[in-house]
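I have placed the structure first, in the form of structure tokens, so that the comments after it can refer back to it.
Excluded from the calculations below are hydrogen atoms, water molecules and symmetry mates; all remaining heavy atoms, backbone and side chain alike, are included. Just so you know, ligand 1 is whichever comes first in the structure, and atom 1 is the first atom listed for that ligand.
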Amino acid sequence: MTDFADLVDGYQRFRTSDWRRQHDRWEKLKVGQEPRVMVIACSDSRVEPAQIFDTLPGEMFVVRNVANLVPPFETGGGYHGVSAAVEFAVTQLKVSEIVVLGHGQCGGCKAALAGTFANAERGKGGFISDWVHLLDGAREKVTQEHGDLSSDAAREAMEQAAVQTSIDNLRTFPFVQEAEASGQLEIRGAVFAIDDGILRVLDESGSFKPAEPRAA
Ligand SMILES: [Zn+2]
């Protein structure tokens with residue numbers, strides 16, 4: 001088990017190795033960040049975008065939450081953490097791509113599919129239940145297509161539908177619509193399978209296919 005003391009040990013290794021190796025990079029980064037890509041991923045400890053995409057500090061603007069969800073554009077009150085991050089990425093950093101990264105064995109998707117915390121009180125799953133209500137439409141679609149909601153196929157379909165839901169919701173933000181229409185922004189989806197480590201990328205036909213190496 002890794003605890004905070006282990007994390008500080010890790011920091012010491014980072015400070016004496018990577019920090020020094022990447023000195024020039026950090027010198028530039030202290031002035032500001034200019035990531036070209038925003039990634040929206042799950043909080044799941046197994047799905048670390050910087051590791052999966054092998055990136056360096058400053059390359060991705062990342063927001064993580066339960067089930068890699070983006071809420072729809074809303075003008076009402078509330079603490080819209082994800083919306084604030086999307087707004088900052090698109091209108092201030094002017095990222096050219098947003099990647100919604102789903103993953104296999106997603107507990108949030110599983111809870112949404114099974115209705116695990118339905119009607120639970122705050123502190124007993126109520127916050128999770130409210131949050132994954134964003135997947136009600138996805139759940140309905142998966143329910144229609146898969147009779148047995150406890151099957152692996154249903155779970156995988158839900159994980160893919162969650163990515164599509166976030167993409168659809170991103171497109172409800174006026175500034176995202178504008179950036180996409182003007183060609184400044186592209187939105188992409190992918191799912192990382194934990195069991196075999198394969199990244200499947202959403203294509204234009206709406207299906208997820210294993211990522212291919214870039215053509216030379
Ligand atoms: Zn997850």
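Using a 4.0 Å cut-off between charged nitrogen and carboxylate oxygen, R139 and D136 do not count as a salt-bridge pair.
Under the 30°/60° scheme for interplanar angles, the aromatic rings of F88 and F61 are found to be tilted.
Distances under 2.8 Å from the Zn ion (ligand 1) pick out the protein N/O/S atoms C42 SG, H103 NE2, C106 SG.
Counting non-hydrogen atoms of neighbouring residues, nucleotides and ligands closer than 6.0 angstrom, the CG atom of N119 reaches no more than 12 such neighbours. Within 6.0 Å of CD on E140 lie no more than 12 heavy atoms contributed by other residues, nucleotides or ligands.
Considering OG1 of T143 and CG of L149, their distance stands at 4.5 Å, rounded to 0.5 Å.
Within the structure, ring-ring contact (aromatic ring centres under 6.0 Å, His included) pairs that include any residue of residues 171-211 comprise F73-F173, F173-F175 (at least two apart or interchain).
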